[in-house]
Amino acid sequence: MRKLVPALAILTLASCKEEPQKEKQTPVSHKIAEAPKPEMVRDAIYSEFKPESITGIKIKGFDVEKAFSVGENTIVTGNYSFIDGKAALPDTEKDWGNRLLMLNNKNEIIYTSKGSGETYLYEPHFYKNSQNGNIIIVCQLAFEYFFGGEAFLLEKGKIKYLGNLDIEPNDERKKLTDILKIQESNKEITFTFDADSLVLKPGSEDIAIKNNNAKYIYDQHSLTLHQ
């Protein structure tokens, strides 16, 4: 029986030791997270800016006319070279001429616009949204005369063709991008014109009108003229 005494003493001491504290459990919330609401832009002005020009950009088979650094991307205008006087892929008989490209930070082409045919001028102008930083690019078009511009939206690293602004000021000394104003509100982008009179369908029908609040509106689906 004597041998049992030390063993009993050890068991008694062990039972008297304080148990280790357990970490307090944080109550789990069972609330359902609300879906993020779509960003709503109200009365944001797009202001024209001039991005940094880039030189030395080389694209196989493409004659680079202008190149600009815009965020992490590069915007390029120019045209694919003809071979033996004929359009060669990626050009086709219905899709050739000056166009806009966007390159990523590895100089890989990630966007190609449709060719503009025999245009003499394909001049990009850049406008930035004052609230969300989105950028609209309007490429002024011209033969011997100016005839409107192509509009693109650059948003979160992706570019989208909005449509053609088939309008010019009724003044040969000015061009579309000299009178263009751009504003966004409630998911609509509005293009207005700072001129007393305008020409619709310049170069084809040349319809002269008074500017009674004429505007193009892009409603997330299409670009349409309102007058």
Tightest non-hydrogen contact, residues Thr192 and Thr190, listed as CG2-CG2, 3.8 Å
On a heavy-atom basis, the closest approach of Phe126 and Ile135 is CD2-CG2, 4.4 Å
Under a 4.5 Å side-chain heavy-atom rule over Ile, Leu, Val, Met, Phe, Trp and Tyr, are Val70 and Ile110 clustered together? yes
For residues 213-226, the side chain to side chain donor-acceptor pair (under 3.5 Å) pairs (sequence neighbours left out) are Lys160-Tyr218, Thr224-His226
Between the OG1 atom in Thr112 and the CG atom in Asp95, the distance rounded to the nearest 0.5 Å is 9.5 Å
Exercise. Could you go through the side chain to side chain contact (heavy atoms under 4.5 Å, CB included) check for Tyr127 and Val138 one step at a time?
Key: CA-CA 8 Å; Tyr127 306 82; Val138 176; 4.1 Å; yes
With sequence neighbours left out, the residues meeting side-chain hydrogen bond (donor to acceptor under 3.5 Å, both in side chains) with Asp171 are Arg173
Original post:
Are Phe49 and Phe68 connected in the hydrophobic side-chain network, where two residues link if heavy atoms are under 4.5 Å apart?
Top reply: yes
**Prompt:** Does Ile54 share a hydrophobic cluster with Met102, counting links as ILVMFWY side-chain heavy atoms below 4.5 Å and allowing steps through other members?
**Reply:** no
Residue set satisfying salt bridge (charged side-chain N to carboxylate O under 4.0 Å, His left out) with Asp178, at least two apart, ordered chain then number -> Lys175
_Counting only heavy atoms from other residues, nucleotides and ligands, does the tally under 6.0 Å from CG of Asp196 exceed 12?_
no
- Tell me whether Leu100 is reachable from Phe62 by hopping between hydrophobic residues (I, L, V, M, F, W, Y) whose side-chain heavy atoms are closer than 4.5 Å. no
Thr92 and Ala87 have their tightest heavy-atom pair at O-CB, 3.9 Å
Between Gly115 and Arg99 the two heavy atoms that sit nearest each other are N-NH1, 3.4 Å
Are any of the side-chain heavy atoms of Asp43 and Gln183 separated by less than 4.5 Å? yes
One should read off an interatomic distance between Leu162 CG and Phe191 CZ, to the nearest 0.5 angstrom, of 5.5 Å
Side chain to side chain donor-acceptor pair (under 3.5 Å) pairs touching residues 64-80, sequence neighbours excluded, are Asn79-Asn98
message = Evaluate Ile109 against Leu103 for side chain to side chain contact (heavy atoms under 4.5 Å, CB included), listing each step before the verdict.
response = CA-CA 4 Å; Ile109 298 172; Leu103 316 180; 3.5 Å; yes
Which class fits the ring pair Tyr145 and Phe143: parallel under 30°, tilted 30 to 60°, perpendicular over 60°? perpendicular
**Message:** Strictly distance-based, threshold 3.5 Å: is any side-chain N or O of Asp206 a donor or acceptor partner for the main-chain N or O of Gly203?
**Reply:** yes
Quick note, ring pair (Phe, Tyr, Trp, His ring centres under 6.0 Å) partners involving residues 89-123, not counting sequence neighbours, are Phe82-Trp96
Exercise for review: Say whether Ile189 and Leu223 are linked into one hydrophobic cluster, either directly or through other cluster members, by side-chain heavy-atom distances under 4.5 angstrom.
Suggested key: yes
Rounded to the nearest 0.5 Å, the CD1 atom of Ile207 sits from the CG atom of Asp166 at a distance of 9.0 Å
dist Gln140:CD -> Leu165:CG (nearest 0.5 Å) comes out at 9.5 Å
So the ring pair (Phe, Tyr, Trp, His ring centres under 6.0 Å) pairs with at least one residue in residues 150-180 (sequence neighbours excluded) are Phe152-Tyr161
d(Leu154 CG, Asn129 CG) to nearest 0.5 Å is 12.0 Å
**OP:** Report the C-alpha separation of Glu48 and Thr177 in whole Å, then their side-chain angles, then the decisive distance to 0.1 Å, and conclude whether the side chain to side chain contact (heavy atoms under 4.5 Å, CB included) test is met.
**Re:** CA-CA 10 Å; Glu48 186 170 8; Thr177 49; 5.6 Å; no
Q. Going by an N to O cut-off under 4.0 Å, is there a salt bridge joining Lys174 and Asp194?
A. no
Heavy atoms of Ile137 and Pro124 approach each other most closely as CG2-CB, 4.0 Å
Glu108 CD: over 12 foreign heavy atoms closer than 6.0 Å: yes
CG of Leu153 to NZ of Lys156, rounded to nearest 0.5 Å, is 11.0 Å
Looking only at heavy atoms, the pair that brings Val76 and Val64 closest together is CG1-CG1, 3.8 Å
Checklist entry - Going through the checks in order, is the side chain to side chain contact (heavy atoms under 4.5 Å, CB included) test met by Glu150 and Leu141? => result CA-CA 8 Å; Glu150 293 190 327; Leu141 304 171; 4.1 Å; yes
